[in-house]
2 protein chains.
Amino acid sequence: MSGTAAAAVSEVGTPGNMGDVRRSNLALVLGKVVQSAAGVHLTRAQIAAGTGLTKASVSSIVLDLLDAGIIREVGLSRQGERGRPGVGLELNPSRGVMGMEINVDYISAGVTRLSGDLVVHEIQERDNRDSSDAAVMSALAELTAGVRGAAAAKDVEVLGGGLAVPGLVEAGSSMVTVAPNLGWVNTKLDVNRLLPGVPLGVSLFNEANAAALAELAHGPQELRDFLFVSGEVGVGGGLVIGSELFTGPEGNAGEVGHIVVDPAGTPCSCGGTGCLETIAGQDAIFAAAGIEAKARSRSESMSDLLAALAAGSPSALLAVQRAGASLGVAVASTSRVVNVRAVVLGGHFAVLDQWLRGPLLESLAKYAPGLLSPEDVSASTVGEAGALLGAAGSVVRALVEAPYRLQA
Amino acid sequence: MSGTAAAAVSEVGTPGNMGDVRRSNLALVLGKVVQSAAGVHLTRAQIAAGTGLTKASVSSIVLDLLDAGIIREVGLSRQGERGRPGVGLELNPSRGVMGMEINVDYISAGVTRLSGDLVVHEIQERDNRDSSDAAVMSALAELTAGVRGAAAAKDVEVLGGGLAVPGLVEAGSSMVTVAPNLGWVNTKLDVNRLLPGVPLGVSLFNEANAAALAELAHGPQELRDFLFVSGEVGVGGGLVIGSELFTGPEGNAGEVGHIVVDPAGTPCSCGGTGCLETIAGQDAIFAAAGIEAKARSRSESMSDLLAALAAGSPSALLAVQRAGASLGVAVASTSRVVNVRAVVLGGHFAVLDQWLRGPLLESLAKYAPGLLSPEDVSASTVGEAGALLGAAGSVVRALVEAPYRLQA
DNA sequence: CTATATAGTTCAAGCTATAAACTAAGTCGC
DNA sequence: GCGACTTAGTTTATAGCTTGAACTATATAG
């Protein structure tokens, strides 16, 4: 978990009162508990020293957090230290959140504890292309009910959930503006139906954004500003700046799939010309490599591509090489515009890392010399469950930043 | 002035206390005073109604602001309204800030009141290319001393200042990382020397960023998210998102001059290839138009270009057309990455607006259809003094968001 | 068993916002 | 010209929160 607890006050533009101070410090203390390394349990005194709050304030705040069931006390084993031993604090392991994902050919659900570790995880193959959104949601509701039961059996109560979908979303209104590969347009999802009765409700996320947040939470500590590039049928992206998802004024920032990488290129499904997606999207790579895109299972086509690459197929190698070079152009421009200096490759870009990497780095050296070095380009560490973990992690993070939502 | 007062609390990660609430509400109240339209003076009661604070709190806060000399009371003339008349409040017109600019062929300084209107303004032609930074700073210090005196004669006391330079800056350490057209590299400026004894000190800004902020403050109200593209010898940019300058993790976001617009293009001074600057920078346009770039005065070359365009010179028209088209590619990609939907053209792009506009819009329609419509592309309204006004405005804005810095 | 050291709690004090009562200063109606 | 009314701003009592100091609790060292 990354959990940078912010001294958040009430909405900008509204008066502040003493309750805001309490809420801010509540988040500050909880943030310390979250930050503590796995297995290390901070005491009230250590939190006081670490935050600058007095012991009195910390005690009072910890009491609130215990009452809310967010944290719990845990005995501490010390050896040979003088003085009264402190009482360790940790996130309540019997509270968790549900991460869910709807993708083109599967739905999945899993429960993580507040600490981020996965307790239950189920994937169900399902062709969602020709289903109505209602049918997909029904299937997912059934899946989550089972997963929720399995978590309960392991003594983990689900407080809320996050759903990731491969499309642009309006988080506030649970609206999927457009999900090309699902065929959804302005589709309003009744997300709360997936987890009836949970105190924190269910939030909606873009898949690439969720995967980026998973990378933030589960990847290396020092990774706080990066561009996550997700290669699927389309090419998505998530921009993390200062450990925060940067969504831009309309919520769709980081959509690198439609950066212009070849002004003289071919038309894109978005109506534009020469977009990255027309060269580095899965369909584009398969087509250029001479591999039949199998509607039934993309993973089959991907296996074919990997086999062709391993066999040294010139067309396959060229296709991937061209994708890598174009990705480099897009990343170079992005790093200029938003001034990030790290890139994480996800989806098929992670799978194809060993072939993509060379051309990508060459391209970066040519178009943005000195900005990104080889060690700034990494492949995603979270893998397939990324979107799910990110969606769940986001919900946890929102709770950590506003723990008072669970009080009373 | 835009002045969106934020409910800002102390640094993230530090404990909040009641003083933070005070500071937050201080900024909230002052923000209301700033927002009020020119000539309209809000009363305490109106501020209470507008912010949600009680009259008692507003009275107490207003007293602090009066004591600090940031605002003052002003008699209100009403006609035929019942009840006790309120006392109007306005920004203290006898307090101001200094905006300063160092550019390639001039230095300038001006003082604005806290309300944003320019009281004194002086430009001094000076070729800074071959001067040491110390010599330039000495010349500027002399200029500011005179301007400060002139402002004092008009009863405006200078509280602080902002200096804009055409290069990348580290605001915190007053360091100019690189200013290619001045020949400066890692140059530390003793900015406080420019305004000895002012309570708020002097801050350093990138020129394009400052111009963008001036556009935010002095341009249309609804302009809150936009890309400002500044055409000078180089091509700079400033990104405003949610009425805030977005600088990215390393402070240099919005540098659209080095977006790749032609992967098969020519080398750029940055070491890259096919950057926007190689096609749309002043030198590139002059060269393509067959106009001699005069070292002594760029404005002369610009006059020649305008004359050539007016005379219908094919090479000049083609040069500008190509610049516009490339600008379109860069803007299209930027709007994808950061999801902004408005562009403001500054510098020579504003001057060449009538010739650039067509190719730019065509290019946008081709590469980012539906994202930006013609009315989303505008030319800068602030003109030459933009950088200076923006630097000054930033200082004012920082004060409005943290007025307690002037207390005691 | 006493001295010491550290953890955590209790309690008075200070600051801030709130709500209600109160004072101030106008207009309206007769 | 005087009282009723209306709105602005101040005063006062109250509650919430952090702070700092005093105090209690619980361990180790000798």
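Order of the sequence lines sets the chain letters (A, B, ...), proteins ahead of strands, with each chain counted from 1.
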For nucleotides 5-7 of chain D, tabulate all protein N/O to nucleotide N/O atom pairs closer than 3.5 Å, reporting atom names and distance.
residue	atom	partner	partner atom	Å
D:dC5	O3'	B:R82	NH2	3.2
D:dT6	O2	B:G83	N	3.3
D:dT7	O2	B:R84	N	2.6

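Sequence order on DNA chain C of the closest nucleotides to A:G88 and B:N25 puts A:G88 first from the 5' end.
For B:R72, the salt bridge (charged side-chain N to carboxylate O under 4.0 Å, His left out) partners at least two apart in sequence or on another chain are B:E90. Taking B:D155 as the reference, nothing meets the salt bridge (charged side-chain N to carboxylate O under 4.0 Å, His left out) condition, with sequence neighbours excluded.
The stretch residues 51-61 of chain B touches DNA chain C through B:L53, B:T54, B:A56, B:S57, each having a heavy atom within less than 4.0 Å of the strand.
Regarding A:M18, its CE atom lies at a distance of 16 Å from the C1' atom of D:dT19, rounded to whole Å. Here the P atom of nucleotide D:dG9 and the CG atom of B:L63 are 13 Å apart, to the nearest Å. Rounding to whole angstrom units, CG of residue A:D20 and C1' of D:dT18 are separated by 14 Å. Straight-line distance from the CZ atom of B:R22 to the P atom of D:dT18: 18 Å, rounded to whole Å. Whole-Å rounding puts the B:L65 CG to D:dG9 C1' distance at 16 Å.
Using a 4.0 Å cutoff to heavy atoms of chain A, the contacted part of DNA chain C runs 5' to 3' from C:dT4 to C:dA17.
A donor-acceptor pair under 3.5 Å links the side-chain atoms of A:S36 to the main chain of A:V33, judged by distance alone. Distance alone, capped at 3.5 Å, places no donor-acceptor pair between the A:D225 side chain and the A:I241 backbone. Not one N or O on the side chain of A:N192 forms a donor-acceptor pair closer than 3.5 Å with the backbone of A:G201. No donor-acceptor pair closer than 3.5 Å links the side chain of B:R224 to the backbone N or O of B:S243.
Counted by atom type alone, B:S94 and B:E157 present zero donor-acceptor pairs between their side chains at under 3.5 Å.
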- Query: Checking side-chain contact (heavy atoms from CB on, under 4.5 Å) for the pair A:S203/A:V191: CA distance, chi angles, key distance, verdict?
  - Reply: CA-CA 7 Å; A:S203 311; A:V191 292; over 6 Å; no
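Contacts classified as salt bridge (Lys or Arg N to Asp or Glu O under 4.0 Å) and involving residues 55-67 of chain B (residues at least two apart or in different chains) are given here: B:R22-B:D64.
Residues A:L204 and A:L163 meet the side-chain proximity criterion, which asks for heavy atoms closer than 4.5 Å. Contact check for A:L118 versus A:T112: side-chain heavy atoms found under the 4.5 Å cut-off.
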